[in-house]
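Notes follow once the structure below has been shown.
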Amino acid sequence: MSSFRELLVPGMAEVGRGQRGRALEAAVRAAIRDGRLTQGTRLPSTRDLAVQLGLSRGTVSAVYAQLVAEGYLRAKHGSGTTVAATPVSSETVSPPPVKTAPRWRYDLRPGVPALSAFPRAEWQAATRAGLATLTDDDLGYPNPAGLPALRTELAAYLGRVRAVEAADVVVTHGVAESQSLMAQVLRAEGHRTIAVEDPTHPGSVEALTAHGLRPVPIPVDEDGMRVDLLPRTGCRAVLVTSAHQFPLGVVLSPQRRRALVSWARERDGYVLEDDYDAEHRYDRPAVGTTQVLDRDRVVYLGSVSKVLAPAIRLGWMVVPAALRDRVVDHKRLSDLGCSPMPQAALAHLLRSGGYDRHLRRSRQLYRRRRDALLSSVASELPGWQPHGVAAGLHLVLRLPEGTDDKALQTELARRGINAPALSGYALSTSPFPGLVVGYAALSVDRLRAAVAEIASISAP
């Protein structure tokens with residue numbers, strides 16, 4: 001058995017006596033995995049191997065027993081211990097490399113708030129205060145619909161700032177999960193397609209497709225989605241960003257809102273209203289929601305990602321009564337519900353007014369940054385025109401006709417500037433060449449420097 005001893009001793013040579021049992025276990029496991037111990041190989045008896053390695057027989061017996069339990073070894077009375085039929089590879093299998101996000105010199109991607117302005121002290125205080133309100137039972141498995149205290153605060157908040165009738169709030173991990181849950185419910189009801197704006201957010205398309213719904217693109221013009229085209233699609237569900245269309249930044253007109261609800265009633269369908277960026281309007285109060293026109297046909301979706309931070313992973317749905325139980329059941333089967341602790345913190349932040357205070361501060365901050373970006377573009381790139389209303393965390397810069405926005409995106413990326421092309425959001429044909437530029441995450445000085453560099457790259 002000297003060869004067997006030589007096989008194992010190198011892996012045990014540098015460990016202390018108290019760790020040799022674990023080292024032996026790891027050495028045998030590794031030898032089986034990489035094929036040095038093949039199927040059917042008979043191992044020494046526990047007594048013999050203990051003598052060879054200077055271990056107690058009990059230690060070796062425990063190692064054998066553990067590896068038998070894991071399926072690496074087979075022990076049969078009277079036949080000794082042999083290597084089981086464990087799949088092996090002659091090559092060392094390395095874990096896939098971890099993908100890291102690029103380090104951009106200027107990151108102008110849309111949808112990212114000013115993370116450096118996150119109210120850390122207020123959130124920390126809200127976390128402590130929220131935790132103090134949780135009972136022992138609250139620390140068990142959560143209500144899949146959400147913490148009652150948060151649902152109460154959200155209903156009051158949404159009713160106050162968005163006039164939403166929020167009797168049936170369901171707490172989720174954000175709009176992405178809300179869309180996925182609705183896709184599952186609609187699919188179970190027989191839906192196979194869903195109308196979406198074109199251009200639109202690629203993440204929404206991915207989520208809907210992953211859960212069995214085929215997105216059908218509907219063009220967007222200055223008044224929002226072309227609702228008049230919906231009857232031609234055969235769809236009975238639609239996803240819209242009515243307050244601030246992503247990415248074009250237009251608002252769905254009142255006439256089209258009414259037409260949208262009428263279409264849903266006639267088709268026995270549903271409108272999924274993503275209230276994207278509604279909190280951030282700089283020239284006037286945000287327009288009301290489509291949900292107020294028909295709470296039985298409109299599913300209202302929102303989150304804290306653009307106000308606080310995406311990392312909090314909290315959002316909400318206001319669900320028609322006919323769908324609520326099915327949505328909650330899918331949520332329960334998906335993840336048993338969101339963690340009560342961040343929910344309690346958010347409930348406290350809403351109740352204490354901290355959420356409103358932060359929103360007022362960030363709205364002023366983003367207005368300054370938007371103004372600085374527009375001023376710099378007007379000075380450095382007079383041929384580029386901003387598109388959409390004064391709202392949100394991004395704007396679209398319309399490029400001169402004939403510009404290849406994808407090629408420009410590639411060239412900017414080569415210089416360390418992340419500015420996505422509008423055509424990358426189009427499901428069919430892009431309405432015009434453009435860049436979708438986020439301004440919330442960069443300071444005024446950084447925005448000006450970014451525009452100056454883009455101008456030097458784009459100059460003929």
Side-chain angles (χ1 to χ4, degrees), residues 96-118 120 176 199-206 244 246-249 276-277 280 305-306 308-311 362 365-388 390-426 430-460:
V98 177
K99 294 183 179 179
T100 57
R103 299 287 295 179
W104 299 103
R105 293 172 52 238
Y106 300 101
D107 192 352
L108 298 169
R109 59 185 159 143
V112 181
L115 300 178
S116 61
F118 178 77
R120 292 173 183 264
T200 192
H201 197 297
S204 296
V205 172
E206 290 176 352
H244 187 233
F246 184 87
L248 291 178
Y276 190 87
D277 274 349
H280 300 104
S305 294
K306 304 298 184 292
L308 292 173
S362 60
L365 175 66
Y366 299 154
R367 174 65 185 267
R368 291 195 299 271
R369 292 182 175 183
R370 185 178 189 275
D371 288 348
L373 174 63
L374 290 174
S375 175
S376 294
V377 169
S379 173
E380 302 276 358
L381 295 161
W384 294 22
Q385 299 302 314
H387 189 271
L393 309 185
H394 79 279
L395 56 82
V396 171
L397 293 175
R398 183 167 184 162
L399 308 178
E401 290 299 324
T403 304
D404 185 339
D405 58 5
K406 278 283 186 66
L408 178 58
Q409 174 187 339
T410 300
E411 177 60 22
L412 293 175
R414 196 175 68 83
R415 307 287 187 94
I417 303 173
N418 186 19
L422 176 61
S423 59
Y425 297 88
S430 183
F432 51 80
L435 293 181
V436 184
V437 178
Y439 50 78
L442 294 185
S443 68
V444 166
D445 289 342
R446 295 279 292 162
L447 286 168
R448 288 172 177 158
V451 172
E453 187 156 344
I454 291 172
S456 69
I457 295 170
S458 306

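- Side chains of Pro199 and Ser430 form no contact here, defined as non-hydrogen atoms less than 4.5 Å apart.
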Apply the test side chain to side chain contact (heavy atoms under 4.5 Å, CB included) to residues Val112 and Asp107: give CA-CA distance (whole Å), side-chain angles for both, the deciding distance (0.1 Å), then the verdict. CA-CA 10 Å; Val112 181; Asp107 192 352; 5.9 Å; no

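- Side chain of Ser375 to main chain of Asp371: no donor-acceptor pair is present (N/O by atom type, distance under 3.5 Å, no hydrogens or angles).
- The backbone N or O of Arg105 sits less than 3.5 Å from a side-chain atom of Arg446, completing a donor-acceptor pair.
- Tyr366 places no side-chain N or O within 3.5 Å of a backbone atom of Pro113 that could act as its donor or acceptor partner.
- Between the Ser456 side chain and the Glu453 main chain, a donor and an acceptor come within less than 3.5 Å of each other.
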What's the verdict on ring-ring contact (aromatic ring centres under 6.0 Å, His included) for His387 and Phe432, showing C-alpha distance, side-chain angles and the deciding distance? CA-CA 11 Å; His387 189 271; Phe432 51 80; 5.0 Å; yes

Test Leu422 against Leu248 for side chain to side chain contact (heavy atoms under 4.5 Å, CB included), laying out the working first. CA-CA 9 Å; Leu422 176 61; Leu248 291 178; 4.0 Å; yes

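- Taking the six-membered ring where the residue is Trp, His394 and His244 present tilted rings, their angle falling between 30° and 60°.
- For the atom pair CG of Asn418 and CG of Leu412, the computed distance is 9.5 Å after rounding to the nearest 0.5 Å.
- In this structure, the separation between NZ on Lys306 and OH on Tyr276 is 4.5 Å, given to the nearest 0.5 Å.
- Within the model, atoms CD1 of Ile457 and CZ of Arg415 stand 4.5 Å from one another, a figure rounded to the nearest 0.5 Å.
- Counting all heavy atoms, side chain and backbone alike, Arg370 lies closest to Gly388 at NH2-O, 4.4 Å.
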Would Val436 and Val396 satisfy side chain to side chain contact (heavy atoms under 4.5 Å, CB included), going step by step from the backbone distance to the final call? CA-CA 5 Å; Val436 184; Val396 171; 4.2 Å; yes

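- The nearest pair of heavy atoms linking Leu365 to Ala117 is CD2-CB, 4.2 Å.
- Interatomic distance, CG of Leu435 versus CH2 of Trp384, reported as 5.0 Å (0.5 Å rounding).
- If you take CD on Glu380 and OG on Ser458, they are separated by 11.0 Å, rounding to the nearest 0.5 Å.
- Atom OH in Tyr439 sits 6.5 Å away from atom CG in Leu393 (nearest 0.5 Å).
- Across every non-hydrogen atom of Pro110 and Pro420, the tightest pair is CD-CG, 3.9 Å.
- Counting heavy atoms from C-beta outward, Leu397 and Leu381 have side chains that stay 4.5 Å or more apart.
- The closest donor-acceptor contact from the side chain of Arg369 to the backbone of Leu442 lies under 3.5 Å.
- Listed by first and then second residue, the side-chain hydrogen bond (donor to acceptor under 3.5 Å, both in side chains) pairs that reach into residues 400-409 are Arg398-Glu401, Asp405-Ser423, sequence neighbours excluded.
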